[in-house]
Amino acid sequence: QVRLEESGGGLVQPGGSLRLSCVASRRIFSNNVMGWYRQAQGKERELVAALSTGGRINYADSVKGRFTISRDNAKNTVFLQMNSLKPEDTAVYYCKLTGYGSSAEYNYWGQGTQVTVSS
């Protein structure tokens, strides 16, 4: 079992920056995939960015060029650097870890951190 804890959310003005972090309770293994999702009020949860240890990265079109996902394996942590924030980025941001066992796939979610972009 893996616990994930997000932090770094808050209130920021349009054009500002925030750096979210997600700390896992154990080592992030080489076959794990880490992802950031967000859910705005009244909308479906959507993928923001995903990163595997193999280096494959996937970003939502709406955040390309503004957001960067990265990982610090020594600290069991994944980051989401968010620049040039817009009001439409306002949402609860969730961290997800996907693990691949011998015969099953496991998904773990954090409890989320609120990001509000407003003047």
Side-chain angles (χ1 to χ4, degrees):
Q1 188 175 7
V2 180
R3 290 184 177 273
L4 304 174
E5 183 174 348
E6 304 99 332
S7 63
L11 175 64
V12 64
Q13 295 183 4
S17 298
L18 285 174
R19 191 190 194 199
L20 306 183
S21 63
C22 171
V23 180
S25 61
R26 65 134 170 90
R27 187 202 316 166
I28 301 173
F29 295 112
S30 61
N31 65 343
N32 292 155
V33 176
M34 303 297 299
W36 285 98
Y37 292 72
R38 68 186 181 187
Q39 186 168 18
Q41 190 68 240
K43 296 185 177 181
E44 298 291 325
R45 188 173 298 184
E46 64 177 348
L47 174 69
V48 176
L51 174 66
S52 71
T53 55
R56 183 177 181 180
I57 301 175
N58 185 32
Y59 292 105
D61 289 340
S62 60
V63 307
K64 286 182 179 177
R66 299 189 298 119
F67 290 11
T68 303
I69 187 171
S70 62
R71 179 170 54 210
D72 186 336
N73 291 331
K75 297 181 179 179
N76 303 334
T77 303
V78 64
F79 303 97
L80 184 68
Q81 178 67 45
M82 305 185 294
N83 299 324
S84 302
L85 283 163
K86 305 174 181 179
E88 50 263 45
D89 295 318
T90 297
V92 177
Y93 284 71
Y94 298 91
C95 178
K96 187 179 82 170
L97 181 152
T98 299
Y100 300 94
S102 60
S103 61
E105 176 182 305
Y106 302 93
N107 293 300
Y108 302 93
W109 291 88
Q111 62 183 350
T113 184
Q114 177 71 48
V115 172
T116 302
V117 184
S118 176
S119 61

Heavy-atom nearest pair, Leu47 first then Ala50, reads CD1-CB, 4.2 Å
Output, in order, the C-alpha distance, side-chain angles, deciding distance and verdict of side-chain hydrogen bond (donor to acceptor under 3.5 Å, both in side chains) for Asn32 and Arg26.
CA-CA 12 Å; Asn32 292 155; Arg26 65 134 170 90; 3.2 Å; yes
Can you measure from CD (Gln39) to CD (Glu46) and round to the nearest 0.5 angstrom?
9.5 Å
Tell me, yes or no, whether the heavy-atom count around Glu88 atom CD, taken from other residues, nucleotides or ligands under 6.0 Å, exceeds 12.
yes
I need the Ile69 CD1 to Cys22 SG distance, nearest 0.5 Å.
9.0 Å
Can you find a heavy atom in the side chain of Phe67 that is under 4.5 Å from one in the side chain of Leu85?
yes
Mind checking whether Val92 and Tyr37 sit in one hydrophobic cluster, side chains of I, L, V, M, F, W, Y counted as touching below 4.5 Å?
yes
Pairs touching residues 1-11 that satisfy side-chain hydrogen bond (donor to acceptor under 3.5 Å, both in side chains), sequence neighbours left out:
Ser7-Ser21
Should Leu18 and Val78 be counted in the same cluster of Ile, Leu, Val, Met, Phe, Trp and Tyr side chains packed under 4.5 Å apart?
yes
Between CH2 on residue Trp36 and OH on residue Tyr59, distance to nearest 0.5 Å
12.5 Å
Under a 4.5 Å cut-off applied to non-hydrogen side-chain atoms, are Arg66 and Asp89 in contact?
yes
With the 4.5 Å side-chain cut-off for hydrophobic clustering, are Ile28 and Ile57 part of the same group?
yes
In terms of heavy-atom contacts, Thr90 and Val117 come closest through OG1-N, 2.9 Å
Name the atoms and distances for all side-chain donor-acceptor pairs under 3.5 Å in residues 98-112, with sequence neighbours left out.
residue, atom, partner, partner atom, Å
Thr98, OG1, Asn107, OD1, 2.7

Side chains of Ser118 and Leu11 in contact at under 4.5 Å (non-hydrogen atoms):
yes
According to side chain to side chain donor-acceptor pair (under 3.5 Å), who are the partners of Gln114, at least two apart in sequence or on a separate chain?
Thr116
Measuring from atom CD of Gln81 to atom CG of Leu20, what distance do you get when rounded to the nearest 0.5 angstrom?
9.0 Å
Side-chain heavy atoms under 4.5 angstrom apart, residues restricted to Ile, Leu, Val, Met, Phe, Trp, Tyr: same cluster for Val23 and Leu4?
no
Would you give the length of the straight line joining atom CG of Asn76 to atom CE of Met34, rounded to the nearest 0.5 angstrom?
9.5 Å
For Arg56 and Asn58, which I'm curious about, is there any donor-acceptor pair between the side chains at under 3.5 Å?
no
Compare every heavy atom of Ser17 with every heavy atom of Ser84, then report the nearest pair and how far apart it is.
N-OG, 4.3 Å
Shortest non-hydrogen contact between Val2 and Ala24, atoms and distance
CG1-CB, 4.2 Å
Kindly compute the distance separating CG (Leu80) from OG1 (Thr113), expressed to the nearest 0.5 Å.
11.0 Å
